[in-house]
Amino acid sequence: MPIPANDPTKKTWLPVPENSDFPIQNIPFGVFLTRDDIITIGTRIGDHAIDLGALHQLGYFKDIPLTDDIFLQDTLNDFISDGQKTWRAVRNRISEIFEVSNEELKSREDHKEVVLFSMDEIEMQLPVQIGDYTDFYSSKEHATNVGTMFRGPDNALLPNWLHLPVGYHGRSSTIIPSGTPVRRPKGQTSPKENGKPGFGPSKLVDFELEMAFITTDANALGEPIPVNEAEDYIFGMVLFNDWSARDIQKWEYVPLGPFLAKSFASSISPWIVTLDALEPFRTESPIQKPEPLPYLKLSGNHSFDIELEVDIKTAENSTTVSKSNFKYMYWTMAQQLAHHTINGCKINSGDMMGSGTISGPTPDSRGSMLELSWAGKNPVTLNDGSQRTFIEDNDTVVLRGFCKNSNYRIGFGEVSTKLLPSSGT
């Protein structure tokens, strides 16, 4: 069934710059602080943020069954809990209000005054209260690269990797929005000649180019989500930089996996782009061999053609160090969610699932400095002439992502994070 908000011919009465990530066909959802220091739920078209709380109070959603305070909150969790039918109705209605020939709001200067904000008048917040966070490891190219470095090409993929989406439970308290700086973490590192572990600031801080999806309340405890229904419980997606301290991780991860090396910070883009908005950009996934077990078997296109870029910004300039694509992911979001719940694990509104580092088939599409510099053996030269094997203090890492066809572009904006020196250094 066609989604009216996705109409490629639709135009808006709001100005939208050429190649904007936020045409009227996007309509993402986020949370922001207004010029009056009020936190509200909103959306974005072009360079205008739209206060959905004000729109609702003014009666623009009167034909949609919504609670009075649904948009007057500091997170999207309750709205997401209302389910796909509500998200779709609200997004379609926003599209209708801002369509170029619709005069309802367009002709009301008094209403526009309280509904519309320029982006420099607002401060974006974390869009959801993330109760639980799971990080997967679902890029075959990434897993092969890392496995080759540490185990050799013949044992790059561990025996389970081609049979299930490998993942671990992460720390949700340190997930932060774009623009929030991160301090270089401290921790233990591998012993030297004296047999004692080292301690101090990580010397190998790395970015991880990922995306993440946000879920709604999906199942009761003990009830798995069928793989062919899983996408109905995915609200939308964000860009995700899952920071990593490689030297700390190398020492601590055996036998239970990542801990302090991953829990110090993970950065997300503030606008959640709905799965509905991404619908026109569906594409096929890599062929899975061996064939997955029945509970993971899917037919049709369940990946998305999302172009991804990573920049490292110094005081001098900016350098694009990686260009990848979400479509390279071996395990799809539907398979990840189905596997996550096959044991009956309960999924809640606002839970977040990271894709794992997204690497492509070519050296310039690798999604981490670990791969780009091949564990430090091949330094990456930046545009200012300096070189990097990993991220240095005061570097800013910027992730961008967008889909594009002959009609329009849908994007996520960016997630930008500066690495500060370790505390006490």
Side-chain angles (χ1 to χ4, degrees), residues 1-32 34-35 40-64 66 70-71 76 79 86-122 124 127 235-239 269-281 304-307 400-414:
M1 184 176 179
I3 300 170
N6 290 353
D7 180 355
T9 66
K10 187 166 287 193
K11 304 295 182 184
T12 177
W13 50 265
L14 284 172
V16 177
E18 187 177 358
N19 288 325
S20 170
D21 279 351
F22 303 99
I24 193 172
Q25 289 83 5
N26 192 338
I27 311 180
F29 292 91
V31 175
F32 57 82
T34 72
R35 55 180 172 243
T40 188
I41 288 171
T43 188
R44 177 176 178 176
I45 297 177
D47 291 332
H48 281 88
I50 299 160
D51 184 341
L52 297 182
L55 264 185
H56 189 20
Q57 289 179 309
L58 292 167
Y60 286 89
F61 296 117
K62 63 181 183 299
D63 295 328
I64 302 174
L66 299 169
I70 193 69
F71 297 125
L76 281 158
F79 176 63
T86 297
W87 320 328
R88 187 167 291 171
V90 167
R91 182 168 170 269
N92 285 337
R93 175 61 179 146
I94 295 167
S95 176
E96 184 180 83
I97 293 167
F98 288 93
E99 196 271 330
V100 66
S101 64
N102 190 317
E103 296 288 334
E104 290 178 83
L105 179 61
K106 182 181 179 181
S107 61
R108 293 294 303 266
E109 295 298 326
D110 54 338
H111 286 189
K112 287 193 289 186
E113 178 65 26
V114 296
V115 167
L116 297 177
F117 297 83
S118 62
M119 290 303 298
D120 59 6
E121 292 181 298
I122 67 166
M124 297 303 299
F235 174 65
M237 300 180 69
V238 293
L239 297 169
S269 53
W271 294 108
I272 303 176
V273 177
T274 64
L275 231 54
D276 274 358
L278 296 171
E279 187 68 28
F281 303 94
F304 297 87
D305 186 3
I306 304 171
E307 297 183 43
R400 293 184 299 273
F402 61 91
C403 313
K404 195 171 184 178
N405 58 25
S406 59
N407 297 304
Y408 58 86
R409 165 184 171 129
I410 293 284
F412 293 79
E414 65 179 34

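Model, not experiment: these values are computed from the prediction.
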Does E104 pair with R93 as a salt bridge, N-O distance under 4.0 Å?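 Result for this pair is yes, salt bridge flagged.
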Would a 4.5 Å heavy-atom cut-off, applied to side chains only, mark [X] and [Y] as touching?
{"X": "I272", "Y": "P28", "value": "no"}
{"X": "F117", "Y": "D47", "value": "no"}
{"X": "V100", "Y": "T12", "value": "no"}
{"X": "W13", "Y": "L105", "value": "yes"}
{"X": "P15", "Y": "H48", "value": "yes"}
{"X": "P23", "Y": "I410", "value": "yes"}
{"X": "L55", "Y": "D51", "value": "no"}
{"X": "W271", "Y": "M124", "value": "yes"}

For [X] against [Y], the heavy-atom pair lying closest together:
{"X": "I122", "Y": "A49", "value": "CD1-CB, 3.5 Å"}
{"X": "T9", "Y": "D7", "value": "OG1-OD1, 2.8 Å"}
{"X": "F412", "Y": "M237", "value": "CE2-O, 3.3 Å"}
{"X": "P270", "Y": "E414", "value": "CD-O, 4.0 Å"}
{"X": "N407", "Y": "N405", "value": "N-OD1, 2.8 Å"}
{"X": "I70", "Y": "I41", "value": "O-CD1, 3.5 Å"}

Residue from V273, D305, D21, I306 passing side chain to side chain contact (heavy atoms under 4.5 Å, CB included) with C403: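 Answer to the side chain to side chain contact (heavy atoms under 4.5 Å, CB included) test with C403 among V273, D305, D21, I306: I306.
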For side chain to side chain contact (heavy atoms under 4.5 Å, CB included), just list the numbers for V115 and L58, CA-CA rounded to whole Å, side-chain angles, deciding distance to a tenth of an Å, and then say yes or no. CA-CA 9 Å; V115 167; L58 292 167; 3.9 Å; yes
Straight-line distance of [X] [atom1] to [Y] [atom2], nearest 0.5 Å:
{"X": "T40", "Y": "Q57", "atom1": "OG1", "atom2": "CD", "value": "8.0 Å"}
{"X": "N6", "Y": "E279", "atom1": "CG", "atom2": "CD", "value": "7.5 Å"}
{"X": "F22", "Y": "T43", "atom1": "CZ", "atom2": "OG1", "value": "9.0 Å"}
{"X": "E113", "Y": "R108", "atom1": "CD", "atom2": "CZ", "value": "13.0 Å"}
{"X": "L52", "Y": "L66", "atom1": "CG", "atom2": "CG", "value": "10.0 Å"}
{"X": "R44", "Y": "L14", "atom1": "CZ", "atom2": "CG", "value": "12.0 Å"}

Ignoring hydrogens and geometry, is there a side-chain-to-backbone donor-acceptor pair from N92 to R88 under 3.5 Å?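 At least one qualifying donor-acceptor pair exists.
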Tell me whether D276 contacts the main-chain N or O of I3 through its side chain, where contact means a donor paired with an acceptor under 3.5 Å.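 Between the backbone of I3 and the side chain of D276 there is no qualifying donor-acceptor contact (under 3.5 Å).
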Walk me through it: do E99 and K10 pass the test salt bridge (Lys or Arg N to Asp or Glu O under 4.0 Å)? CA-CA 7 Å; E99 196 271 330; K10 187 166 287 193; over 6 Å; no
Relative to each other, are the rings of [X] and [Y] parallel, tilted or perpendicular (30° and 60° limits)?
{"X": "F281", "Y": "Y408", "answer": "perpendicular"}
{"X": "F235", "Y": "F79", "answer": "perpendicular"}
{"X": "F61", "Y": "F71", "answer": "tilted"}

Between the side chains of N26 and R91, does any donor sit under 3.5 Å from an acceptor?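 On atom types as modelled, these side chains do not qualify, holding no pair under 3.5 Å.
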Pair N19, F402 - check side chain to side chain contact (heavy atoms under 4.5 Å, CB included), show working. CA-CA 10 Å; N19 288 325; F402 61 91; over 6 Å; no
